[in-house]
Enquirer: 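Pasting in a structure now, in structure tokens, and then I'll have a few things to ask.
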Amino acid sequence: MTDAHVDPVNPDSGQDDLPEQMRVRREKRDRLLAEGVPPYPISVPRTHLLKDLRATYDAQDLEPDTRTGEQVSVAGRVIFLRNTGKLCFVRLREGDGTELQVMFSLADLGEEELARFKGLVDIGDLLSVQGEVITSRRGELSVQATAWQMAAKTLRPLPNEHKPLSEEARVRMRYVDLIVRPEAREMVRAKAAVLKALRATYDGRGFVEVETPVLQLTNGGAAARPFSTHLNAFDQEMKLRIALELDLKRAMIGGVDRVYEIGRTFRNEGLDSTHSAEFSMIEAYEAYGDYDTMAELIQELIRNAGRAIGRTTITGRDGSTIDIEQPFQHATLFGLLSEAVGESVDATTDLARLLKLAEQHGVELQPDRNAGEIAVDLFEKLCEHTLIQPTFVRDYPESARPLAKPHREIPGLVEAWDLFLNGVELGVAYSELNDPVIQRDRLVEQSLLAAAGDPEAMDLDEDFLRAMEFGMPPAGGMGMGLDRLVMLLTGTGIRETILFPLLRPE
RNA sequence: GGGCCUCUAGCUCAAUUGGCAGAGCAGCGGACUUUUAAUCCGCGGGUUGUGGGUUCGAGUCCCACGGGGCCUACCA
């Protein structure tokens, strides 16, 4: 932020139209400038992190009124300020939430410097303080200040520490949320730890991380409405990717046998508490693997991510305990569905029977669904929410998963699973279709839908088909939503896990 | 898309039947050398989301618009 209208040599920026507290802070900034002290210096002394001092001294169990003799310079944000006349207490907080008390006394600072401190420092300011590490009379680890500098003057008051910010304020001003709310700070670090664990798990298994284009010529790899944009250099309409799949398969065809990407995808669809316009996808492909090797992989990914943030047991939404250290269950789609409807249903069950079952169980269907799609609809409505313990739901009807390979034993099914945990879908995997002729048929079918106006259908990606015709190894492929994983492991909503969620302009 | 709720001081929230717009924290002035949401005395702070309307009088009732939330529907 710049204040071009403020003349620093002639301080008069106490603008009348500002709220009182902002005016006061601007005046203090002006006073610093007037005395020749920069309110935003290039650097300030800092010999120790608050965290360092806590690590060094907390373990020593110091008596009250201890003087350690160690001289330090520390820096942090003033989050608490108490003035008892000739002695001021300040609590500094640094970015990770570590706090340390600083004491400003008449005896150590002198009358003039103490008065300057009282007159210039507000809650929220970033401060550098020099002094000795001591413990207070109450035994609290502190720095007894002998000098201080403003590191950066804050012009807006911090919100009330003791009342939670409204949910809207939290997401609109996440920077403030991060300052005042420990859970917000922890979320940032938890997500980073999860990402690190995911990469370590892939890397440990010999997977190679790649980056593939976000800007795409065609819409493919999933069924979703894309964002459109324009590339001026080619005068070319472009799409933002909705999935990573096609480029990762191209890489695998080229010999990146174990390949993964963690990256942003974009979907121009409805937004709600579980759907975001942009979100991070995790996809991996393993040549000579299949959907069983992917099941092993995803368990290890989730387990290691949980361990990285110390959360390997989760309380399910029905109150039960989910222990992700335990092997995940396997079930079949038709097995679970048969159980739910109380009669045997399989890939050969005809459309009429399935429609009848849908009616009996009050499941509303979209028009023109085929038998396989109805079976999946029934499963989603009747079974999905009951899958609290981690469960791989395997073997989908062919028509419901057009990019998976036919099942090795059961006709009419394909080798695909969805992983459910706490009643939500967390990841998917296939034994990937690699017959370029069948692949072409499927994609042509999709492109006809697209031509007919289905905004979610895939475009025909001729280059992808050409790549497939060079031979894609038999492979397993998996996908998982990063935000859903973090939500699951931390037990929070999507607006908490995304640092800066998309919001309407104020 | 449909339904319900909500928007008041920097922040979090009150305001009875339509009758002077308030509190806590934060801020300003004063006292206090051990506070930890300190205490004590005093003071300021508002276009009640925006625009209309009803009324002697609107934070409150009506209409429209905007922001936010919840439920529902849709959604690889």
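Quick caveat, the model's predicted, so the values are computed rather than measured. So that the names make sense, note that chain A is the first sequence line, chain B the second, and so on, each numbered from 1.
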Enquirer: Taking only residues two or more places apart in sequence or in another chain, which ones pass side chain to side chain contact (heavy atoms under 4.5 Å, CB included) with E167(A)?
Expert: R495(A)
Enquirer: Counting only side-chain N and O atoms of K163(A), is one of them less than 4.0 Å from OP1 or OP2 of U12(B)?
Expert: no
Enquirer: Over all strands shown, is Y430(A) touching base, sugar-phosphate only, or nothing at heavy-atom distances under 4.0 angstrom?
Expert: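 Result for Y430(A) = base.
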Enquirer: Given atom CG of L155(A) and atom C1' of G10(B), what is their separation to the nearest angstrom?
Expert: 13 Å
Enquirer: Compare every heavy atom of L502(A) with every heavy atom of A277(A), then report the nearest pair and how far apart it is.
Expert: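 The answer is CB-CD2, 4.1 Å.
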Enquirer: Distance check needed: A31(B) P versus L114(A) CG, whole Å only.
Expert: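 Spelled out: CG on L114(A) to P on A31(B) is 12 Å.
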Enquirer: Examine C28(B): is either OP1 or OP2 under 4.0 Å from a nitrogen or oxygen in the side chain of K28(A)? Give yes or no.
Expert: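 For K28(A), the contact criterion (side-chain N or O under 4.0 Å from OP1 or OP2 of C28(B)) is met.
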Enquirer: Where the side chain of H162(A) is concerned, which of U34(B), C25(B), C32(B) is the nearest nucleotide?
Expert: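 Nearest nucleotide to the side chain: C25(B).
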Enquirer: Got a list of protein N/O to nucleotides 6-9 of chain B N/O distances below 3.5 Å?
Expert:
none

Enquirer: For C65(B), which nucleotide is its Watson-Crick or G-U wobble mate, given both distances must be under 3.5 Å?
Expert: G49(B)
Enquirer: Of the candidate nucleotides C25(B), U33(B), G27(B), which contains the atom at the shortest distance from the side chain of T84(A)?
Expert: U33(B)
Enquirer: Without decimals, in angstroms, what is the distance between R495(A) CZ and C70(B) C1'?
Expert: 12 Å
Enquirer: Taking any heavy-atom pair under 4.0 Å as a contact, classify N83(A): base, sugar-phosphate, or nothing.
Expert: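 Result for N83(A) = base.
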Enquirer: Would you state whether a donor and an acceptor, one from the side chain of E140(A) and one from the base of U36(B), lie under 3.5 Å apart?
Expert: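 Answer is yes: a donor-acceptor pair is held.
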Enquirer: Got a salt bridge between E35(A) and R116(A), using NZ or NE/NH1/NH2 to carboxylate O under 4.0 Å?
Expert: yes
Enquirer: Suppose we screen for ring-ring contact (aromatic ring centres under 6.0 Å, His included). Which residues come up paired with Y260(A), at least two apart in sequence or across chains?
Expert: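 Expected list: Y202(A).
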Enquirer: Does R394(A) qualify as a cation-pi partner of Y291(A), given the criterion of NZ or CZ under 6.0 Å from the six-membered ring centre and within 45 degrees of its axis?
Expert: yes
Enquirer: Side chain of L87(A) only, please: which of A26(B), A76(B), U33(B) is the nearest?
Expert: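 Output: U33(B).
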Enquirer: Expressed as a whole number of angstroms, how long is the span from F379(A):CZ to A76(B):C1'?
Expert: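 Spelled out: CZ on F379(A) to C1' on A76(B) is 14 Å.
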Enquirer: Rounding to the closest angstrom, what is the interatomic distance between G18(B) and C61(B) at atom P?
Expert: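 Approximately 8 Å lies between the P atom of G18(B) and that of C61(B).
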Enquirer: What interatomic distance, in whole Å, is found between P of G51(B) and the corresponding atom of A58(B)?
Expert: 15 Å
Enquirer: Please give, in whole Å, the distance from A31(B) C1' to K86(A) NZ?
Expert: 9 Å
Enquirer: By nearest nucleotide on RNA chain B, pick out whichever of L81(A) and P164(A) is the more 5' one.
Expert: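 Checking each residue's closest nucleotide, the 5'-ward one belongs to P164(A).
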Enquirer: If U34(B) has a Watson-Crick or G-U wobble mate with both distances under 3.5 Å, name it; if not, just say none.
Expert: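 In the structure as shown, U34(B) has no Watson-Crick or wobble partner.
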Enquirer: Of Q101(A), M103(A), E140(A), which meets side chain to side chain contact (heavy atoms under 4.5 Å, CB included) against I134(A)?
Expert: M103(A)
Enquirer: Report the nucleotide, chosen from G27(B), C11(B), A37(B), that has the shortest atom-to-atom distance to any side-chain atom of E20(A).
Expert: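 So the nucleotide nearest the side chain must be G27(B).
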Enquirer: Do NZ/NE/NH1/NH2 and the carboxylate oxygens of E432(A) and K249(A) come within less than 4.0 Å?
Expert: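 Yes.
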Enquirer: What is the pairing partner of G22(B), taking Watson-Crick or G-U wobble pairs with both distances under 3.5 Å in any strand?
Expert: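 Checking every strand shown, G22(B) finds its partner in C13(B), with both distances under 3.5 Å.
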Enquirer: Taking salt bridge (charged side-chain N to carboxylate O under 4.0 Å, His left out) as the definition, give me every residue that meets it alongside D177(A), ordered by chain and number, with sequence neighbours left out.
Expert: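 In terms of salt bridge (charged side-chain N to carboxylate O under 4.0 Å, His left out), with neighbours along the sequence ignored, D177(A) is linked to R174(A), R181(A).
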Enquirer: What is the distance, rounded to the nearest whole Å, between atom CG of D377(A) and atom C1' of A73(B)?
Expert: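 Checked: the CG to C1' distance equals 14 Å.
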Enquirer: Using both distances under 3.5 Å as the test, list the Watson-Crick or G-U wobble partner of U54(B), or none.
Expert: none
Enquirer: When you get a sec, tell me which of C25(B), U33(B), A76(B) is the closest nucleotide to the side chain of N160(A)?
Expert: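 Nearest to the side chain of N160(A) among the choices is C25(B).
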Enquirer: Choosing from G10(B), G27(B), U34(B), which nucleotide comes nearest the side chain of P157(A)?
Expert: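 Closest of the options to the side chain of P157(A): G10(B).
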Enquirer: With rounding to whole Å, what would you report as the distance between U47(B) and G30(B) at their P atoms?
Expert: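 Looking at atom P only, U47(B) and G30(B) are 28 Å apart.
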Enquirer: Name all residues meeting the salt bridge (charged side-chain N to carboxylate O under 4.0 Å, His left out) criterion together with D122(A); count only those two or more places apart in sequence or in a different chain, and write none if there are none.
Expert: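 Expected list: K28(A), K153(A).
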Enquirer: Quick one: R23(A) CZ to G27(B) P, roughly how many Å, whole number?
Expert: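 Between P of G27(B) and CZ of R23(A): 15 Å.
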Enquirer: Determine which nucleotide pairs with G1(B), using a 3.5 Å limit on both distances of a Watson-Crick or G-U wobble pair.
Expert: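 Matched G1(B) with U72(B) under the 3.5 Å cut-off.
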Enquirer: Quick one: list whatever passes side chain to side chain contact (heavy atoms under 4.5 Å, CB included) with T218(A), sequence neighbours left out.
Expert: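 For T218(A) the side chain to side chain contact (heavy atoms under 4.5 Å, CB included) partners, ignoring immediate neighbours, are D459(A), D461(A).
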Enquirer: Would you kindly compare E161(A) and A224(A) by the position of their nearest RNA chain B nucleotide and give the one closer to the 5′ end?
Expert: E161(A)
Enquirer: What about Q21(A), does its side chain sit under 3.5 Å from the base of A26(B) through a donor-acceptor pair?
Expert: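 Answer yes: a donor N or O sits under 3.5 Å from an acceptor.
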Enquirer: Go through the structure and list residues passing side chain to side chain contact (heavy atoms under 4.5 Å, CB included) with V129(A), not counting sequence neighbours.
Expert: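 Only V74(A), L92(A), V102(A), F104(A), L127(A), V143(A), A145(A), W148(A) meet the side chain to side chain contact (heavy atoms under 4.5 Å, CB included) criterion with V129(A).
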Enquirer: Can you name the ring-ring contact (aromatic ring centres under 6.0 Å, His included) partners of F392(A), sequence neighbours left out?
Expert: F328(A), H330(A), W417(A)
Enquirer: Output the single nucleotide from U12(B), G27(B), G69(B) whose closest atom is nearest the side chain of V24(A).
Expert: G27(B)
Enquirer: Heavy atoms only, 4.0 Å cut-off, all strands: where does R225(A) land among base, sugar-phosphate and nothing?
Expert: nothing
Enquirer: Write out a two-atom table: protein N or O, nucleotide N or O from nucleotides 65-67 of chain B, distance below 3.5 Å.
Expert:
unit_1	atom_1	unit_2	atom_2	d
G67(B)	O3'	R172(A)	NH2	3.2
G67(B)	O2'	E168(A)	OE2	3.1
G67(B)	O2'	R172(A)	NH2	3.4

